[in-house]
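Structure record follows, encoded as structure tokens.
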Amino acid sequence: MGWNLIRGWTVLVYVFMFLPVAVVVLLSFNASQFGSFPMTGFSFRWFVELWNNDAILRAFRTSIVLGLLTALISTTLGVLASLALVRYRVPGANMVSTLLIAPILVPEVVLAVALLLFLNFLGINKSFTLLLFGHVIFTLPFVILVVQARLVAIRRDVEEAAMSLGASPMQTFFQITLPLMLPAVLAGALFAFTISFDDITGTLFWKPGGVETVPTQIFAMLRNSISPEINALGTVMIVMTVGLPLLGAAIARQLARRSGT
Amino acid sequence: MSVEAREARQPWILLTPALTAVTLLLFVPLAFIVVYSFWLRTATGADEVGFYLDNWREALTDPFYRDILLNTLKIAFITTLVCALMGYPAAYFIARSRGNKALLLLLLMLPFWISYIIRTMSWINILGVSGAFNTAFMTIGIIDEPIQMLYNETTVILGLVHFLLPFMILNVFVSVDGIDTNLEDAATSLGATRWQAFVQVTLPLSLPGLAAGSLLCFVLGAGTYITPLVLGGPTDAMFANLVFEAIITQLNWPMGSALSLMLLVVLGVLVMIYNRYLGMAQLMKGLG
């Protein structure tokens, strides 16, 4: 009896988590003029409308470029740091880890204010550069956590075997370590991209006037009223941020299988 | 240089870029706003460099700030409590279910990938004047006119619970999943009822996960300003909204610095108490 009660409760919790999101997707296909019930028919018109909306396309371009650059920088920094923490005995490793994780222990609003004011003091105003710095520092801890967790699983002796067979440290890194690390690197990069792509809390502080990312564009559109276009935009975002990681996970699994780990 | 010395230097070369980034983009900026909070924004809009206590005096004594801070903590507390009550049984179910654990876990991870702003605004489709509830109620004939259910403190809490619940479930799950089921079986075989076994064995062992989830929910909830802007009314500002107002709207950066630091200290104390008693490792388990 008790178990069924818990099962029922869990079902309700899942419904609570997913129903509102499902409604966004449902309404994005509504043929009606208004972004609300009742559904008057099935239509793709709001997606076409999105495609013709310059502001939204611009926001998409900004978000994607920002996300890619963030992923590139954050992953590079994160992978190097993770290698050091997993592969070497670093004196004070715990302290170093805590320092590197600090950006997610500080409330994002405070991080946003501190970075904005400090860089402004240095002469870097609200700009794409500031946004990029902000996104890098905010995503770095997540990359380190994800990459570190996966690096631990890679066995050291394969590298030692390569070295003992005469490979130089460089050759070993590029021909053995990097291919083995690839799933971890990709997972970190994907994580950084998605977090950057979704961020609004810091972005609203850092973005210059006139520049919008997809989340801030949605936020600005909400100020007027909820239009079917917002629901369509939401659906596109859900497909991107849910579909990409699932795709990434599938690719990573393929890679891992091929490299035999 | 000896081989050993080179070996010892190598990790620091690898760590330098990341540590430099964290130092220059987080720690130095934080130190900078401490200094900045003692400056003064003059009527001309310029900052007067100096050591003025005005911002701090205002932030710490004005009842306006105090009331909103207390209200923010209240909202974060209720949110955390609701997350725990909703999330614990669900996490327990996932950890103990035999069949479709992988699917349940995947579904649990999905909300993390769905944008915060979309999950927040999705409630407008449900509770708005022409949302699902109003449409349904009017169709059945319970009400004639749509009622405004949005833009109050309850919907702010609702939005926060919706956003933070996965953090709670994941942390409790990690904890419960690590508890040997034999312990409960042993308790029942020694005469305890299933409920007694749960309360006296499983629940205490899962408290670290519950604490980690609660800390995350509380800190993330208390630091938000987007949810009140989207789902709250004009009087539902939280403390982070005051920071946003001071920095972005009023351009009073010294005051904004002081308010940011207040928020940092209040939430930082919680994190430190947590760290003192439970350590960061538990939190990292849930995040990684």
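Only a predicted model underlies this, so the values are computations on that prediction, with no experimental measurement involved. Reminder, nothing fancy here: chain letters follow the sequence lines and each chain counts from 1. Values below: all heavy atoms of this structure, side chains included; hydrogens, waters and symmetry mates excluded.
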Residue Ile248(B) versus chain A: region with a heavy atom under 4.5 Å:
side chain
If we define contacts as heavy-atom pairs under 4.5 Å, which of Thr76(A), Ile73(A), Leu122(A), Val109(A) has the most with chain B?
Val109(A)
Using a 4.5 angstrom heavy-atom cutoff, name the option from Pro91(A), Gly134(A), Ala112(A) with the most pairs to chain B.
Pro91(A)
Could you measure the distance from the CG atom of Leu107(B) to the CE atom of Met17(A)? Nearest 0.5 Å is fine.
8.0 Å
The reported gap from CG in Leu77(A) to OG1 in Thr20(B) (rounded to nearest 0.5 angstrom) is 8.5 Å
Where on Phe197(A) is there a heavy atom nearer than 4.5 Å to chain B: the side chain, the backbone, both, or neither?
neither
Part of Leu267(B) within contact of chain A (heavy atom distance under 4.5 Å):
side chain
Where do Tyr14(A) and Leu108(B) land on the side-chain contact (heavy atoms from CB on, under 4.5 Å) test, with the steps shown first?
CA-CA 8 Å; Tyr14(A) 273 82; Leu108(B) 182 61; 3.9 Å; yes
Counting only heavy atoms from other residues, nucleotides and ligands, does the tally under 6.0 Å from CE of Met163(A) exceed 12?
yes
Measure distances from Leu14(B) to the heavy atoms of chain A and classify the residue's part below 4.5 Å as side chain, backbone, both or neither.
both
Taking the side chain as everything from C-beta on, heavy atoms only, tell me whether Leu24(B) gets closer than 4.5 Å to Phe133(A).
no
Using the side-chain contact (heavy atoms from CB on, under 4.5 Å) rule, take Val106(A) and Leu264(B) through it: C-alpha gap first, then chi angles, then the decisive distance, then the call.
CA-CA 7 Å; Val106(A) 173; Leu264(B) 179 65; 3.8 Å; yes
Close side-chain approach of Ile118(B) to Ile230(A), heavy-atom, < 4.5 Å
no
Which atoms of Leu19(B) approach chain A - backbone, side chain, both or neither, heavy atom under 4.5 Å
both
If you compare all heavy atoms of Met86(B) against all heavy atoms of Trp9(A), which two are closest, and at what distance to 0.1 Å?
O-NE1, 3.0 Å
Heavy-atom nearest pair, Ile6(A) first then Pro89(B), reads CG2-O, 3.4 Å
Could you tell me which of Ile238(A), Ile144(A), Leu204(A), Leu83(A) has the largest number of non-hydrogen atom pairs under 4.5 Å with chain B?
Leu204(A)
Do you know which of Ala132(B), Ala31(B), Gly87(B), Gly128(B) has the most heavy-atom pairs with chain A at a distance under 4.5 angstrom?
Ala132(B)
Pair Leu15(B), Leu100(A) - check side-chain contact (heavy atoms from CB on, under 4.5 Å), show working.
CA-CA 10 Å; Leu15(B) 281 169; Leu100(A) 292 175; 4.1 Å; yes
Heavy-atom side-chain contact between Ser257(B) and Leu117(A) under 4.5 Å
yes
Please report the interatomic distance CD1(Ile195(A)) to CH2(Trp113(B)), rounded to the nearest 0.5 Å.
7.0 Å
For Phe118(A), which atoms come within 4.5 Å of any heavy atom of chain B: side chain, backbone, both, or neither?
both
Non-hydrogen atoms of chain B under 4.5 Å away: do they reach the side chain of Thr201(A), the backbone, both or neither?
both
Once you measure the plane-to-plane angle for Phe121(A) and Phe32(B), does it fall in the parallel (<30°), tilted (30-60°) or perpendicular (>60°) bin?
tilted
Between Val21(A), Leu19(A), Ile137(A), Leu26(A), which has the largest tally of heavy atom pairs under 4.5 Å with chain B?
Ile137(A)
Minimal heavy-atom distance between Asp198(A) and Ile114(B), with the atoms involved, is OD2-C, 4.0 Å
dist Leu111(A):CG -> Leu26(B):CG (nearest 0.5 Å) comes out at 5.5 Å
Taking side chain as everything from C-beta outward and backbone as N, CA, C, O, which of these in Leu30(B) sits under 4.5 Å from a heavy atom of chain A? Side chain, backbone, both or neither.
both
Heavy-atom proximity to chain B below 4.5 Å, by part of Leu99(A):
both
With side-chain contact (heavy atoms from CB on, under 4.5 Å) as the test, would you mind laying out the steps for Thr194(A) and Phe112(B) before giving the verdict?
CA-CA 10 Å; Thr194(A) 330; Phe112(B) 286 109; over 6 Å; no
Please state whether the side chain, the backbone, both or neither of Trp195(B) comes within less than 4.5 Å of a heavy atom of chain A.
neither
Sort Asn120(A) into side chain, backbone, both or neither according to what part of it lies under 4.5 angstrom from a heavy atom of chain B.
side chain
Checking side-chain contact (heavy atoms from CB on, under 4.5 Å) between Ile117(B) and each of Leu222(A), Asp199(A), Val214(A), which is the one that passes?
Leu222(A)
Specify which of Leu110(B), Val219(B), Thr139(B) makes the most heavy-atom pairs with chain A at under 4.5 Å.
Leu110(B)
Please give me the minimum heavy-atom distance between Asn231(A) and Met121(B), naming the atom from each residue.
OD1-CE, 3.8 Å
Chain A contact via Leu85(B) - side chain, backbone, both or neither, heavy atoms under 4.5 Å:
backbone
Greatest number of heavy atom pairs closer than 4.5 Å to chain A - which of Arg119(B), His162(B), Arg194(B)
His162(B)
Flag yes if more than 12 heavy atoms outside Arg41(B) fall under 6.0 Å of its CZ atom; otherwise flag no.
yes
Side chain, backbone, both or neither: which part of Arg96(B) has a non-hydrogen atom closer than 4.5 Å to chain A?
both
Aromatic ring pairing Trp3(A)/Tyr92(B), orientation class (parallel under 30°, perpendicular over 60°, tilted between):
perpendicular
Using heavy-atom distances under 4.5 Å, tell me whether Ile94(B) contacts chain A through its side chain, its backbone, both, or neither.
side chain
For atom CG of Asn94(A), is the number of surrounding heavy atoms from other residues, nucleotides or ligands below 6.0 Å larger than 12?
no
Among Leu25(B), Asp47(B), Leu259(B), residue most engaged with chain A (heavy-atom pairs, under 4.5 Å)
Leu25(B)
Specify which of Gly223(B), Ala136(B), Ala18(B) makes the most heavy-atom pairs with chain A at under 4.5 Å.
Ala18(B)
Quick check for you: among Phe27(B), Phe244(B), Tyr116(B), Tyr36(B), which has the greatest number of heavy-atom pairs under 4.5 Å with chain A?
Phe244(B)
Calculate, to the nearest 0.5 Å, the distance between atoms CD and OH belonging to Gln10(B) and Tyr88(A) respectively.
3.5 Å
Toward chain A, the part of Leu106(B) with a non-hydrogen atom under 4.5 Å
side chain
For Ile200(A) against Tyr225(B), the heavy-atom pair lying closest together:
O-OH, 3.8 Å
Least distance between heavy atoms, Ala114(A) atom then Pro29(B) atom
O-CB, 3.5 Å
Approximate separation, where rounding is to 0.5 Å, of Thr10(A) OG1 and Leu104(B) CG:
8.0 Å
